[in-house]
Amino acid sequence: MSEAVTVSVEGQELKLTNLDKVLYPDSHSGGHGFTKGEVIDYYARIAPVLLPYLVDRPLTVKRYPDGVTGQFFFEKNATRGTPPWVRTVTLPAPGSTKNRETVNYVVVQSVADLVRLANLASLELHVPQWRLDGDDPLPADLLVFDLDPGAPATIKECCEVALLLRDAAAEDGLTLVPKTSGSKGMQLAGPIATEDASAPSVYAKALAQRLEAAHPKLIVSKMAKELRPRKVLIDWSQNNPAKTTVAPYSLRAREEPTVSTPLSWEEVEAGGSLRFTAADVLERVEELGDLWAPVLDTALRAPLSSS
């Protein structure tokens, strides 16, 4: 393995280790697999468009210390030895599978945060649909739909469902923006304003059921696996405050270093494979800018209530 390297990022000294360790062995990047050094480089370069979707949101990471073919684990608690300059917040952990009463989350604020996490092989970054005000959770500011195709359905069918969701939500005054999941499906999100913790889930479920009733051969709204072949599941349950969704521009732990990639609606209408790697996404952002930006537009926040 390569020697450790000490770098300065935004005034913070970071010790980077094992930069030539291959984390994506089946990747064709450079003919040698995709290394930890390349993961760090990607997160440092994508930071300007990624950070706005992480700031003030407690982070859950998916770590792959031995690469995507090895063991992995979800990590919510800040690691031992987390530097004092890293922002953390302690929040209740109702229903914790590890019987914790609280979790001490990292809250990413800077490029240095991203580089530090990438050095820990934190390939995937997941955040909730709500932000923090200081140390206090705010109501959700995002509505999210996760579109999961049941084989032999593919991303093509997800695009059909995404367009139906976009149009139905628009009738209710909501603006939805598409991205790939970086895996086999898609996600749509839109900015909302609500004081009602249950409103996003109630609304999302009702909309999914409405579209399922109108398109029963294409759409399913229940999680049961036996209902999902050849259809697209509209997973509305991500709108539970306890759940997280992969952040836009996050890497995914697939064979190749694919990315959860913001899309234009023209790309969704055209269909296609819609599969993008880290290198593709850096080029897309340079050419197209941040296609996910509408979810940050406070002027587009649609009022939502469960009544």
Side-chain angles (χ1 to χ4, degrees), residues 22-30 32-55 57 59-64 67-69 72 74 108 111 113-115 117-127 142 144-149 154-156 158-159 162 177-189 238 244-268 270-296:
V22 175
L23 298 184
Y24 291 84
D26 294 333
S27 171
H28 301 301
S29 169
H32 55 64
F34 198 77
T35 65
K36 187 163 86 165
E38 288 171 301
V39 168
I40 294 170
D41 178 69
Y42 168 74
Y43 274 125
R45 292 170 65 191
I46 204 66
V49 290
L50 169 58
L51 282 171
Y53 305 101
L54 303 180
V55 168
R57 297 184 194 269
L59 182 72
T60 298
V61 297
K62 204 170 174 184
R63 289 179 58 186
Y64 288 79
V68 297
T69 57
F72 69 88
F74 283 95
V108 170
V111 181
D113 286 326
L114 285 174
V115 170
L117 289 165
N119 186 57
L120 295 173
S122 304
L123 298 184
E124 297 192 5
L125 312 176
H126 297 250
V127 286
L142 287 179
V144 173
F145 295 95
D146 196 355
L147 306 184
D148 187 11
T154 65
I155 193 77
K156 177 178 178 293
C158 287
C159 288
V177 184
K179 69 180 175 77
T180 70
S181 68
S183 182
K184 58 182 179 174
M186 289 178 67
Q187 285 137 5
L188 309 182
Q238 296 295 108
T244 61
T245 302
V246 68
Y249 304 109
S250 171
L251 288 165
R252 300 307 302 269
R254 308 291 291 176
E255 295 83 2
E256 295 274 343
T258 53
V259 171
S260 182
T261 308
L263 303 168
S264 69
W265 279 114
E266 290 75 17
E267 288 176 305
V268 178
S273 70
L274 300 178
R275 178 182 171 281
F276 304 101
T277 64
D280 298 328
V281 169
L282 288 166
E283 288 181 10
R284 282 171 64 84
V285 169
E286 192 171 330
E287 180 185 350
L288 304 172
D290 179 17
L291 294 175
W292 199 242
V295 307
L296 299 175

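Annotation: side chain of Arg57 is not in contact with side chain of Val108 (no heavy-atom distance under 4.5 Å). Within the 4.5 Å cutoff, side-chain heavy atoms of Val259 are placed close to those of Tyr42. Taking the side chain as every heavy atom from C-beta outward, Val111 and Leu51 approach each other to under 4.5 Å. Residues Leu288 and Ser264 form no side-chain contact, since every pair of their non-hydrogen atoms from C-beta on lies 4.5 Å or further apart. Put simply, the side chain of Leu125 reaches to within 4.5 Å of the side chain of Leu50, judged on heavy atoms. Between Arg275 and Thr180, every side-chain heavy-atom pair lies at or beyond the 4.5 Å cut-off. For the pair Trp292 and Val49, the minimum side-chain heavy-atom distance is 4.5 Å or more. Inter-residue side-chain proximity for Trp265 and Cys159 is flagged as unmet; no heavy-atom pair is nearer than 4.5 Å.
To the nearest 0.5 angstrom, Leu188 atom CG is 5.0 Å from Leu147 atom CG. Distance check: Leu274 CG to Ser181 OG gives 10.5 Å after rounding to the nearest 0.5 Å. Interatomic distance, Asn119 CG to Leu114 CG, rounded to the nearest 0.5 Å: 12.5 Å. Atom CG of residue Leu54 and atom CG of residue Asp113 lie 9.5 Å apart, to the nearest 0.5 angstrom. Within the model, atoms CG of Asp41 and CG of Leu282 stand 7.5 Å from one another, a figure rounded to the nearest 0.5 Å. Distance CG/Leu251 to NZ/Lys62: 12.5 Å, rounded to 0.5 Å.
Residue Val127 comes nearest to Ala247 through the heavy atom pair CG2-CB, 4.3 Å, listed as atom of the first residue, atom of the second, then distance. Across every non-hydrogen atom of Phe276 and Glu267, the tightest pair is CZ-OE2, 4.2 Å. Scanning both residues, Pro178 and Met186, for their nearest heavy atoms gives CB-CE, 4.1 Å. A pairwise comparison of heavy atoms in Tyr249 and Gly289 identifies OH-O, 4.3 Å as the closest pair. Between Ser260 and Lys179, the closest heavy-atom pair is OG-NZ, 2.7 Å. Across all their heavy atoms, Cys158 and Pro149 have their closest contact at SG-CD, 3.6 Å.
At least one donor-acceptor pair under 3.5 Å links the side chain of Gln238 to the backbone N or O of Thr244. Side-chain atoms of Tyr53 do not come within 3.5 Å of backbone N or O of Val295 as any donor-acceptor pair. In this structure, Gln187 contributes its side chain and Val144 its backbone to no donor-acceptor pair below 3.5 Å. No donor-acceptor pair closer than 3.5 Å links the side chain of Arg254 to the backbone N or O of Gly182. In this structure a side-chain-to-backbone donor-acceptor pair under 3.5 Å is missing from Thr258 to Ser183.
Results of the side chain to side chain contact (heavy atoms under 4.5 Å, CB included) test with Val68 over Val22, Leu123, Leu23 single out Leu123 as the only residue that passes.
Ion pair Arg284/Asp280 not flagged as a salt bridge, since none of the NZ, NE, NH1 or NH2 atoms sits closer than 4.0 Å to an Asp/Glu carboxylate oxygen.
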**Asked** Run the side-chain contact (heavy atoms from CB on, under 4.5 Å) check on Asp148 and Lys184 step by step: do they pass?
**Response** CA-CA 7 Å; Asp148 187 11; Lys184 58 182 179 174; 3.2 Å; yes
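Ring orientation note: the planes of Tyr64 and Phe72 are close to parallel, at an angle under 30° on the 30°/60° scale.
Annotation for Arg63: atom CZ counts as buried by contact number, over 12 foreign heavy atoms lying within 6.0 Å.
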